[in-house]
Structure formats: structure tokens, C-alpha cells
Amino acid sequence: MTTGAKSTRTTPSDPSGPSTSSDPYHPSAPAAPSASTPGARGGLRDFYEDPAVPVASGTPRSLRQARMLAAALGPATAGARTVLDIGCGDGTAAATAAPFLAGHRVVGVDWSQDALRRARTRVPYAIRGELADGGLPFATETADAVLFSEVVEHLVDPDGALDEIRRVLRPGGHLMLSTPNLAAWYNRGLLLAGVQPVFSEVSLRAVHGRPGREVVGHLRLYTARALREFVTASGFEVVRLAGAPFHGVPRPLRALDRLACAAPSLSSILLLHARRT
């Protein structure tokens with residue numbers, strides 16, 4: 001198995017602080033990352049700016065997540081909504097969601113200039129922003145929904161990230177979070193055999209002790225139970241937890257991986273829909 005997933009580009013801080021502009025789609029540009037931030041220490045900043053690091057994950061997860069979000073928002077005939085794709089990478093997930101979100105405004109947010117250059121070829125709005133310290137360049141309670149796809153597993157400070165997402169969401173706003181499942185069906189077997197679980201990483205330089213060849217910068221992993229508890233403790237109400245397959249599963253096992261989605265606690269990818277309380 002390979003473990004490629006969208007890497008977060010939202011770690012460094014914006015010393016200027018969040019924008020207070022009333023237009024959330026054209027905020028003032030964030031300042032350059034501060035060298036004192038977690039993303040700039042230990043090689044993380046350089047790692048995530050490397051164009052060779054994957055910035056998009058598989059289409060099946062993106063499609064399932066897009067359908068969940070479209071069902072939550074409803075048609076744009078009831079009013080256009082603002083959706084932030086935080087950690088948008090190259091814009092693949094936002095572009096996949098766009099047909100399901102016709103009439104709504106999707107804004108890609110990332111701190112990697114390399115990723116944003118690619119994202120701007122796929123989405124109308126792609127701006128530089130981050131979750132740490134200064135926060136996102138959006139006014140409080142200006143977003144109706146946040147896509148947070150394959151990002152939380154890369155963060156040094158996931159608690160601060162959820163706090164910042166909650167700040168920009170309107171009351172009742174939707175959080176669509178996806179992340180690899182530490183307790184995926186094959187990981188349970190691998191652990192019993194003494195093998196490092198898929199998705200887990202012990203180094204940013206090479207793969208050690210687990211299947212796969214790609215290093216993507218995962219810092220933490222969640223089970224279904226842990227993810228529910230974490231999001232609830234951060235001020236959200238969990239609406240639904242679903243599963244999605246992983247594109248890196250070997251072809252002979254993909255049918256089994258799809259079947260495992262019926263039990264999210266066993267699925268490869270966790271898809272969580274929550275609302276801001």
C-alpha cells in the first residue's frame with residue numbers, strides 16, 4: 001500500500017493577524033511564515049513546501065465527502081453559501097466537490113505557494129492562509145462550511161486548528177473532516193503481526209516498518225472513537241461518521257476495502273460531518 005494523502009499547508013503563522021474585511025473572499029494577503037512557528041521547526045516547513053510531497057488524496061473519498069456536504073448545504077436556490085477548503089493542496093478536492101455545490105462559493109486556502117499555483121488552475125478562489133498563531137485571513141463567523149480533508153493528521157496543534165475553524169464558521173456551520181483511520185481493518189491485522197500500521201510514520205525522510213513507499217508527513221492518527229471525542233470537545237456536534245475506501249489498497253483487496261466502509265470504525269478513511277454549536 002502507498003499512503004499518499006493531502007498534506008496540510010496551513011501550519012505557519014501570520015504575524016499580521018486575521019483580516020477583518022467584510023468580504024471573506026478577498027482578504028488581505030497573509031505575511032510570510034514566522035520562523036518561530038511549529039511549521040518552521042524541525043524541517044516541517046521545507047517538507048510541506050516540497051513539490052514532491054503529495055497534496056491530493058483519492059477521488060472516492062473526495063466524492064463521498066462532496067455528496068455529504070451538498071446534502072448538508074442544500075441547493076443554492078435557498079441562498080449561496082461560503083465553503084472554505086482549508087489545506088486545499090492542489091485544489092483537487094475542491095474541484096471534485098464543485099459540481100455538487102453549484103451556485104455555492106468554494107474558496108481554497110493553503111499556505112504553500114507551490115500548492116496555490118496549482119490550485120488556481122482548478123478553483124476560482126485560492127488564497128494564502130494558515131491555522132496557527134495569527135489565524136485564517138477571514139472575519140469571525142463568515143463561513144457556512146469548512147472542508148478539512150486529510151489535514152488534521154499533519155498538524156502539530158490540532159486543538160488550535162479546530163478552535164480557528166470554529167471561529168470562522170457561523171453558528172450551525174458545517175465541518176466536513178476526513179482523515180485516515182488508525183484502526184482500519186488491515187491495520188488491526190498488521191499490529192497483531194508486529195508491523196507498523198499503514199498511514200503512520202516515524203520519519204520524514206523514509207518509510208520504516210510499514211507497507212508503502214511514500215512519506216507524507218503524518219504526525220498523528222485517529223480511531224473513529226477518538227475523532228468523535230476530539231471534535232465534540234472542540235465545540236462541535238457530530239452529525240454523522242461515515243467511511244471511505246483508500247486508493248492505495250492493492251487491487252485484489254479493494255472490494256473488501258469498499259465493504260469495510262459499511263462499518264466506519266473499520267474503514268480506511270473516516271469521514272466526519274459535524275456542526276458548530
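Counting only heavy atoms from C-beta outward, the side chains of His218 and Pro180 approach each other to under 4.5 Å. At least one side-chain heavy atom of Glu150 sits under 4.5 Å from a side-chain heavy atom of Arg61.
Applying the salt bridge (charged side-chain N to carboxylate O under 4.0 Å, His left out) rule to pairs touching residues 66-77 yields nothing, sequence neighbours excluded. Legend: ring-ring contact (aromatic ring centres under 6.0 Å, His included) pairs involving residues 223-242, not counting sequence neighbours, sorted by first then second residue: Tyr222-Phe230.
Here Asp257 pairs with Trp185, Ser268 under the side-chain hydrogen bond (donor to acceptor under 3.5 Å, both in side chains) rule; sequence neighbours left out. With sequence neighbours excluded, the residues that form a side-chain hydrogen bond (donor to acceptor under 3.5 Å, both in side chains) with Arg170 are Asp144. Residues satisfying the side-chain hydrogen bond (donor to acceptor under 3.5 Å, both in side chains) criterion with Ser267, sequence neighbours excluded, are absent altogether. Applying the salt bridge (Lys or Arg N to Asp or Glu O under 4.0 Å) criterion to Arg258, with sequence neighbours excluded, gives no partner residue.
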Would you check, one step at a time, whether the test side chain to side chain contact (heavy atoms under 4.5 Å, CB included) holds for Gln196 with Leu190? CA-CA 7 Å; Gln196 188 81 10; Leu190 290 173; over 6 Å; no
Verdict with reasoning, Glu141 to Arg276, per salt bridge (Lys or Arg N to Asp or Glu O under 4.0 Å): CA-CA 10 Å; Glu141 298 183 0; Arg276 183 198 158 185; 3.2 Å; yes
Quick one, Asp114 with Ser112, criterion side chain to side chain donor-acceptor pair (under 3.5 Å). Give me CA distance, side-chain angles, the key distance, then yes/no. CA-CA 5 Å; Asp114 175 74; Ser112 166; 4.8 Å; no
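Taking OG1 from Thr179 and CD from Glu153, the interatomic distance works out to 3.5 Å, rounded to the nearest 0.5 Å.
Atom CZ of Arg225 has 12 or fewer heavy atoms from other residues, nucleotides or ligands within 6.0 Å. Within a 6.0 Å sphere centred on CZ of Arg254, heavy atoms belonging to other residues, nucleotides or ligands number more than 12.
Follow the hydrophobic side-chain contacts under 4.5 Å out from Leu191 and you never reach Val207; the two are in separate clusters.
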